[in-house]
Trainee: 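Questions regarding the structure given below will be posed in turn.
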Amino acid sequence: GAGGTFGPIGVSAKVTAKYGEKFSNTDNNTQKVTVITEVSAKDDDLIYATVCDYDAWEYPVYENDTLRGYILALEPKLTENRWFPSKSWSAFSYVPDHEVGNILSYREYAQFIDNPLSDETIRANTGDSYVLDASSSYNWTLMFSDFNSSSASTTKEIGLEVSAEVSGWGVSVGASGSYNSSELSTHETQVGDQITIKAEIRNVDLGIGETRYTVTPYSYWSKNGSLTLDYAVRPEVPQTSGTPTWWTDNYDVQDPAFILPWRYDPEKGFTLQDQVKRRQTKSITFHPENPQVGDTVKIKARIHNFSLETCEPVKVSFYFDDPANNNIITGLNGETFMMTNSILARQSELLIFPFVLPSGLGSSPRIYASIDPDNTITEIHKNNNIGFNILGNQGFQPVGVESLDAPIVGAISKLYPNPALAIASIQFELKQPAFVSLKVYDMQGKEVKNLLEGNETPSIYDVSFDTRNLEAGVYVYRLQINDVSETQKLVLVK
């Protein structure tokens with residue numbers, strides 16, 4: 001793979017012309033793995049994977065003593081192939097977009113291809129929708145003929161994104177260039193004519209009320225190259241003026257939440273060695289994954305709304321251990337919390353909170369986040385408001401390179417002057433069209449000013465903020481670009 005420019009054309013174009021993309025003009029060593037097995041994913045997401053280590057070799061490319069780009073070679077070293085459940089330690093880096101058993105977390109889309117994980121649809125249509133009641137029993141089966149019917153690929157290359165900070169399926173390393181998954185293909189999945197994937201869909205308990213819902217199984221090749229069976233779910237809600245169902249009686253209140261895969265395991269009959277694991281979440285991730293003391297670390301927290309109503313903006317704080325100990329994390333700019341935007345029903349929003357890693361935390365500390373720490377909003381559940389993940393437990397150790405840190409959105413916003421007396425200016429760069437929201441909050445999380453909200457075009461923005469009608473004190477402003485947010489502290493003096 002290659003990144004950067006070389007004269008008038010990209011380095012990758014030169015590599016393709018001269019050497020063959022993905023080393024196609026070289027001798028290759030390949031290993032074929034045939035999977036013939038039957039498994040049941042009754043209680044958890046189940047994954048089949050080839051587990052690999054990689055050696056990564058990056059080379060700078062010069063033209064007349066001018067650096068034009070980089071070439072990266074990946075050498076995969078297959079260690080094993082196996083099935084494992086997504087809640088096992090083997091799947092530490094698997095980040096689901098749903099919570100097993102949480103019906104409202106299996107989102108619907110206007111079109112199945114709108115699923116951000118989907119790259120190519122294999123079988124997905126509303127004719128496969130089933131309304132579940134007390135006596136329902138359905139079988140849905142994906143076979144080789146479905147690939148032919150949809151003209152879907154039967155072979156899929158699996159690529160790996162590599163850069164200082166990856167956006168999806170890939171490895172964050174201290175690379176100087178950025179390499180997309182189409183350039184770094186190391187695996188290939190091929191389905192045979194005996195493939196069978198079956199979904200058994202059974203009844204629901206109507207003893208507690210009108211709990212009927214519609215479920216639609218569908219299958220696709222995901223962007224990371226995996227063959228996936230997924231579900232879309234729609235609870236039954238009444239028409240206007242109709243009598244309520246169990247869903248409208250119980251989920252008509254907002255529910256900001258983390259995905260907590262182990263939250264109800266004991267109630268489901270599964271053993272937890274330590275009850276604190278109920279709060280472990282993959283909705284919280286970190287970059288860099290293995291930081292050193294003094295490094296700037298970004299906490300990435302995805303806040304979900306598992307209800308049928310829009311969730312109002314909610315405050316989120318971060319802690320070095322259990323929030324009950326009040327060991328709160330102070331952000332890079334002195335802020336102690338972030339605010340979400342309003343989150344639509346069954347949608348989510350990503351918050352990014354940068355801070356400097358202090359000394360004295362020990363190895364692999366637990367970093368917590370708390371939604372609505374002041375308990376100011378009414379919501380359905382409170383036991384999904386606190387989650388933690390482990391910092392520095394990813395196992396990847398780059399050799400001989402320094403970690404680079406990419407900006408959150410375009411260029412990170414700048415505030416000046418700070419402290420401010422009358423007028424403050426917030427500057428940021430937008431590198432592509434996007435939805436932009438810029439709001440100011442007081443320290444209790446109350447919105448005091450909406451400076452910008454709407455679809456904007458690429459440009460450098462300089463937004464003025466008249467502070468003269470506000471009292472002296474500390475405020476925070478929140479910049480959201482699409483579903484990524486950053487928060488910084490603003491001090492007003494009079």
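We count residues from 1, following the sequence as given.
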Trainee: So which atom in Ile284 and which in Gly387 form the shortest heavy-atom distance, rounded to 0.1 Å?
Mentor: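 Heavy atoms of Ile284 and Gly387 come nearest at CD1-O, 3.5 Å.
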Trainee: How far apart are the closest heavy atoms of Asp44 and Pro85, and which atoms are they?
Mentor: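 Nearest pair, atom of Asp44 first, then Pro85: OD2-CB, 3.2 Å.
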Trainee: What's the separation between atom CD1 in Ile158 and atom CD in Glu188, rounded to the nearest 0.5 Å?
Mentor: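 Here the rounded value is 9.0 Å.
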Trainee: Test your reading of the model: is there a side-chain donor-acceptor pair from Thr340 to the backbone of Val314, 3.5 Å cut-off?
Mentor: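 Yes, Thr340 side chain to Val314 backbone: donor-acceptor pair under 3.5 Å.
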Trainee: Do Asn203 and Ser135 get their side chains close enough for a donor-acceptor pair, meaning under 3.5 Å?
Mentor: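 No, Ser135 and Asn203 have no side-chain donor paired with an acceptor closer than 3.5 Å.
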Trainee: Could you pull out the closest heavy-atom pair between Phe144 and Val191, with the gap in Å?
Mentor: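 Residues Phe144 and Val191, closest heavy atoms: CE1-O, 3.8 Å.
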Trainee: Under the 3.5 angstrom rule, does the side chain of Thr248 hit a backbone N or O of Val237 as a donor-acceptor pair?
Mentor: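 No; zero donor-acceptor contacts below 3.5 Å.
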Trainee: Can you confirm whether more than 12 heavy atoms, excluding those of Gln194, are under 6.0 Å from its CD atom?
Mentor: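 For Gln194, atom CD is not crowded (no more than 12 foreign heavy atoms under 6.0 Å).
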Trainee: Under 3.5 Å, is there a donor-acceptor pair between the Asp230 and Tyr220 side chains?
Mentor: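 Their side chains do contain a donor-acceptor pair, which is all the 3.5 Å distance test asks for.
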Trainee: Roughly how far, to the nearest 0.5 Å, is CD of Gln190 from CD1 of Ile195?
Mentor: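 With rounding to 0.5 Å, CD1 (Ile195) is 11.0 Å from CD (Gln190).
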Trainee: side-chain contact (heavy atoms from CB on, under 4.5 Å), that's the test. Do Ile386 and Ile371 meet it? Break it down for me.
Mentor: CA-CA 6 Å; Ile386 295 176; Ile371 299 170; over 6 Å; no
Trainee: Before accepting this row, confirm whether a basic side-chain N of the pair Asp372/Lys382 lies closer than 4.0 Å to the acidic partner's carboxylate O.
Mentor: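 Judged by the 4.0 Å cut-off on N to carboxylate O distance, Asp372 and Lys382 do form a salt bridge.
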Trainee: Compare all side-chain heavy atoms of Asp265 with those of Arg278 and state whether any distance is below 4.5 angstrom.
Mentor: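 Answer no - side chains too far apart.
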Trainee: Asn102 versus Arg263: any side-chain heavy-atom pair under 4.5 Å?
Mentor: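 In contact.
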Trainee: Under 6.0 Å from the CD atom of Gln111, do we count more than 12 heavy atoms belonging to anything else shown?
Mentor: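 Incorrect, the count does not exceed 12.
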Trainee: How about Val233 and Glu108: do any of their side-chain heavy atoms sit closer than 4.5 Å?
Mentor: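 A side-chain contact under 4.5 Å is absent here.
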Trainee: Can you establish whether the number of heavy atoms outside Lys268 located under 6.0 Å from its atom NZ is more than 12?
Mentor: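 Yes, because the 6.0 Å sphere around NZ of Lys268 holds more than 12 heavy atoms from other groups.
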Trainee: Using side-chain contact (heavy atoms from CB on, under 4.5 Å), reason through Asp119 and Lys156 one step at a time and then give a plain yes or no.
Mentor: CA-CA 11 Å; Asp119 184 57; Lys156 201 73 170 180; 3.0 Å; yes
Trainee: When you compare the side chain of Glu456 with that of Ile481, does any pair of heavy atoms fall below 4.5 Å?
Mentor: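 SC-SC contact between Ile481 and Glu456 ruled out.
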Trainee: How many angstroms lie between atom OH of Tyr213 and atom OH of Tyr106, to the nearest 0.5 angstrom?
Mentor: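 The OH atom of Tyr106 is 9.5 Å from OH of Tyr213, to the nearest 0.5 Å.
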Trainee: Main chain of Tyr218, side chain of Trp140: is a donor-acceptor contact present, judged purely on distance under 3.5 Å?
Mentor: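 Not a single qualifying donor-acceptor pair exists.
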Trainee: Is a side-chain donor-acceptor pair under 3.5 Å present for Tyr94 with Asp45?
Mentor: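 A pair is found: one side chain offers a donor N or O, the other an acceptor, under 3.5 Å apart.
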Trainee: With a 4.5 Å cut-off on side-chain heavy atoms, are Glu120 and Ser153 touching?
Mentor: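 With C-beta onward as the side chain, the pair touches.
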Trainee: Determine whether Tyr264 and Asn383 satisfy the following criterion, side chain to side chain donor-acceptor pair (under 3.5 Å), listing intermediate values before the conclusion.
Mentor: CA-CA 10 Å; Tyr264 291 124; Asn383 67 350; 3.2 Å; yes
Trainee: Test side-chain contact (heavy atoms from CB on, under 4.5 Å) on Leu227 and Ile122; report intermediate values, then the result.
Mentor: CA-CA 9 Å; Leu227 176 61; Ile122 300 170; 3.2 Å; yes
Trainee: Could you tell me whether the side chain of Ser219 and the main chain of Thr228 form a donor-acceptor pair under 3.5 Å?
Mentor: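 Confirmed, Ser219 side chain pairs with Thr228 backbone.
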Trainee: CG of Leu260 to NE2 of His381: how many Å apart, nearest 0.5 Å?
Mentor: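 Going from CG on Leu260 over to NE2 on His381, the span is 11.5 Å.
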Trainee: Classify the ring geometry between Phe428 and Tyr461 as parallel (under 30°), tilted (30 to 60°) or perpendicular (over 60°).
Mentor: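 Ring orientation of Phe428 relative to Tyr461: parallel.
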Trainee: Looking at Arg302 and Asp97, does any basic side-chain N land under 4.0 Å from a carboxylate oxygen?
Mentor: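 So Arg302 does not pair with Asp97 through a salt bridge.
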Trainee: Could you tell me if the side chain of Thr189 sits less than 4.5 Å from the side chain of Thr155, heavy atoms only?
Mentor: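 Of all side-chain heavy-atom pairs linking Thr189 with Thr155, none is under 4.5 Å.
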Trainee: Please tell me if the side chains of Leu132 and Tyr138 come closer than 4.5 Å, counting only heavy atoms from C-beta onward.
Mentor: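 Touching, per the 4.5 Å side-chain cut-off.
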Trainee: Do Glu236 side-chain atoms and Glu210 backbone N/O form a donor-acceptor pair below 3.5 Å?
Mentor: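 The answer is no, because no donor-acceptor pair under 3.5 Å joins these two groups.
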Trainee: What's the separation between atom CD1 in Ile377 and atom CD in Glu312, rounded to the nearest 0.5 Å?
Mentor: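 These two atoms lie 5.5 Å from each other.
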Trainee: Please determine if Lys282 and Glu99 form a salt bridge, counting it only when a charged side-chain N lies under 4.0 Å from a carboxylate O.
Mentor: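 No, no charged N to carboxylate O under 4.0 Å.
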Trainee: Between the side chain of Lys223 and the main-chain N/O of Pro116, is any donor-acceptor distance below 3.5 Å?
Mentor: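 Between the backbone of Pro116 and the side chain of Lys223 there is a qualifying donor-acceptor contact (under 3.5 Å).
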Trainee: Determine whether Leu479 and Val436 make a side-chain contact, defined as any pair of heavy atoms from C-beta on separated by less than 4.5 Å.
Mentor: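 The answer is yes, as the side chains (C-beta and beyond) meet within the 4.5 Å cut-off.
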Trainee: Examine distances only and state if a side-chain atom of Ser149 and a backbone atom of Ser145 form a donor-acceptor pair shorter than 3.5 Å.
Mentor: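 A pair under 3.5 Å: yes.
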Trainee: Counting distance only, does the side-chain N/O of Asn389 pair as donor-acceptor with the main-chain N or O of Thr281 below 3.5 Å?
Mentor: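 At least one qualifying donor-acceptor pair exists.
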Trainee: Should the pair Asp128-Arg123 be classified as a salt bridge under the 4.0 Å nitrogen-to-oxygen rule?
Mentor: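 The answer is yes: the pair qualifies as a salt bridge.
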Trainee: Which of parallel (below 30°), tilted (30 to 60°) and perpendicular (above 60°) describes Tyr251 and Trp247?
Mentor: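 Tyr251 vs Trp247 ring planes: tilted.
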Trainee: Check step by step if salt bridge (Lys or Arg N to Asp or Glu O under 4.0 Å) holds for Lys77 and Asp55.
Mentor: CA-CA 8 Å; Lys77 299 182 177 181; Asp55 281 344; 2.8 Å; yes
Trainee: Taking the side chain from Asn384 and the backbone from Phe258, do they hold a donor-acceptor pair closer than 3.5 Å?
Mentor: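 Checked: no pair found.
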Trainee: Answer with yes or no whether the side chains of Gln347 and Arg107 bring together a donor and an acceptor at under 3.5 Å.
Mentor: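 Side-chain D/A pair, Arg107 to Gln347: present.
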Trainee: Over all heavy atoms of both residues, which pair between Ala345 and Ser307 is shortest? Give the atoms and the distance, please.
Mentor: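 Closest approach of Ala345 to Ser307, heavy atoms only: CB-O, 3.5 Å.
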Trainee: Does Leu117 offer a backbone N or O that forms a donor-acceptor pair with the side chain of Asn115 under 3.5 Å?
Mentor: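 Yes: the side chain of Asn115 pairs with the backbone of Leu117.
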Trainee: Looking only at the side chains, is there a donor atom on one of Thr50 and His187 sitting less than 3.5 Å from an acceptor on the other?
Mentor: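 Side-chain D/A pair, Thr50 to His187: present.
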Trainee: Can you list the residues that meet the side chain to side chain donor-acceptor pair (under 3.5 Å) rule with Ser90, with sequence neighbours excluded?
Mentor: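 Applying side chain to side chain donor-acceptor pair (under 3.5 Å) to Ser90 gives Arg82.
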Trainee: Passes side-chain contact (heavy atoms from CB on, under 4.5 Å), Ile299 versus Ile352? Steps please.
Mentor: CA-CA 6 Å; Ile299 304 174; Ile352 299 181; over 6 Å; no
Trainee: Once rounded to the nearest 0.5 Å, what's the spacing between atom NZ of Lys298 and atom NE2 of His287?
Mentor: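 Nearest 0.5 Å value for the NZ-NE2 distance: 6.0 Å.
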Trainee: Which pair of heavy atoms, one from Phe355 and one from Gly331, lies closest together, and at what distance?
Mentor: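 Residues Phe355 and Gly331, closest heavy atoms: CB-CA, 4.2 Å.
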Trainee: If you look at every heavy atom in Thr216 and Ser129, which pair is closest and at what distance?
Mentor: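 Distance-wise, the nearest heavy atoms are OG1-OG, 2.7 Å.
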